[in-house]
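Excluded from the calculations below are hydrogen atoms, water molecules and symmetry mates; all remaining heavy atoms, backbone and side chain alike, are included.
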Amino acid sequence: VSIVTVYPSIAQLLNESPVTFEDLLTHHDIVEKIIDLGRSRLDELRLTIPDAGGLAVATNIRHANQVAAVLRSRGEDCQVVTTRTPGAQQIINDFRSGMGKWIVAVGMISEGTDIPRLQVCCYLSRIRTELHYRQVLGRVLRRIGADDNQAWLFVLAEPSLLQFSQRVAEDLP
């Protein structure tokens, strides 16, 4: 007999079970759900902004490959860039000026990398500091023009990430 326990929130699940935040980030169903949310938003955006791009921020190299496999299983093209990717900067530069839909990154696209066409981000990083969160969010908040006034960030409703989101929302004009 298996026992199923239901938790009303991610916060309660993390507090009252042995499940860790990293377990959630790498859980296949959760990766699929967040990627699918990002994909449907990006597909909608690309109807009016054909070069709009998506960024998936992964936890480590294995996780980046898991995320990329989910994207590819849905027929999406994607580039993966990590600290171990040969020619990673060139891949980023090509993506910046290209039409590719998705780039999956581990620690490569944070501070200082400007890809103005990024408009959707799936945040699947284990890093839960406000600085990192804001740096990643800054990748999709870089505006291209007056008509380009929306960005989408899909993230698990983990307590500290929710708090950062609320603070960012208060800071934005």
Checklist entry - Has Arg74 got more than 12 heavy atoms of other residues, nucleotides or ligands less than 6.0 Å from its CZ? => result yes
Hey, are the side chains of [X] and [Y] touching, using non-hydrogen atoms and a 4.5 Å cut-off?
{"X": "Val57", "Y": "Arg139", "answer": "no"}
{"X": "Val81", "Y": "Ile103", "answer": "yes"}
{"X": "Leu55", "Y": "Val120", "answer": "no"}
{"X": "Thr5", "Y": "Tyr7", "answer": "yes"}
{"X": "Arg41", "Y": "Leu45", "answer": "yes"}
{"X": "Ile30", "Y": "Leu25", "answer": "no"}
{"X": "Cys121", "Y": "Phe154", "answer": "no"}

Checklist outcome for this item: Sorted by chain and number, sequence neighbours left out, salt bridge (Lys or Arg N to Asp or Glu O under 4.0 Å) with Arg39 holds for Asp36, Glu76
At what distance, to the nearest 0.5 angstrom, does [atom1] of [X] lie from [atom2] of [Y]?
{"X": "Gln119", "Y": "Trp152", "atom1": "CD", "atom2": "CH2", "answer": "10.5 Å"}
{"X": "His132", "Y": "Leu137", "atom1": "NE2", "atom2": "CG", "answer": "11.5 Å"}
{"X": "Leu156", "Y": "Ile34", "atom1": "CG", "atom2": "CD1", "answer": "4.0 Å"}
{"X": "Trp102", "Y": "Asp77", "atom1": "CH2", "atom2": "CG", "answer": "11.0 Å"}
{"X": "Leu161", "Y": "Tyr123", "atom1": "CG", "atom2": "OH", "answer": "6.0 Å"}
{"X": "Arg46", "Y": "Asp51", "atom1": "CZ", "atom2": "CG", "answer": "7.0 Å"}

Contacts of type side-chain contact (heavy atoms from CB on, under 4.5 Å), residue [X], not counting sequence neighbours:
{"X": "Ile61", "answer": "Asn65, Thr82, Arg84"}
{"X": "Glu130", "answer": "Arg134, Phe164, Arg167"}
{"X": "Thr26", "answer": "His63, Gln66"}
{"X": "Asp94", "answer": "Gln90"}

Check whether [X] reaches the backbone of [Y] with its side chain - one donor and one acceptor, N or O, closer than 3.5 Å.
{"X": "Ser17", "Y": "Leu14", "value": "no"}
{"X": "Arg96", "Y": "Pro116", "value": "no"}
{"X": "Asn15", "Y": "Ala11", "value": "yes"}

Under a 4.5 Å side-chain heavy-atom rule over Ile, Leu, Val, Met, Phe, Trp and Tyr, are [X] and [Y] clustered together?
{"X": "Ile127", "Y": "Leu153", "value": "yes"}
{"X": "Val140", "Y": "Leu37", "value": "yes"}
{"X": "Leu24", "Y": "Val155", "value": "yes"}

Checklist entry - What do the steps show when you test Leu124 against Val67 for side chain to side chain contact (heavy atoms under 4.5 Å, CB included), and what is the final call? => result CA-CA 9 Å; Leu124 292 162; Val67 171; 3.9 Å; yes
Checklist entry - Yes or no on side chain to side chain contact (heavy atoms under 4.5 Å, CB included) for Leu71 and Ile35, after CA distance, side-chain angles and deciding distance? => result CA-CA 7 Å; Leu71 281 163; Ile35 290 300; 3.6 Å; yes
Item to check | Working for side chain to side chain donor-acceptor pair (under 3.5 Å), residues Ser125 and Tyr133 | outcome: CA-CA 9 Å; Ser125 172; Tyr133 184 79; over 6 Å; no
Checklist entry - Without hydrogens or angle criteria, can the side chains of Ser165 and Gln163 be said to hold a donor-acceptor pair below 3.5 Å? => result no
Next on the checklist: Under 4.5 Å side-chain heavy-atom separation, chaining through any Ile, Leu, Val, Met, Phe, Trp or Tyr, what else clusters with Val6? Say none if it is isolated.
Outcome noted: Val4
Item to check | Lys/Arg N to Asp/Glu carboxylate O, Lys101 vs Asp43, below 4.0 Å | outcome: yes
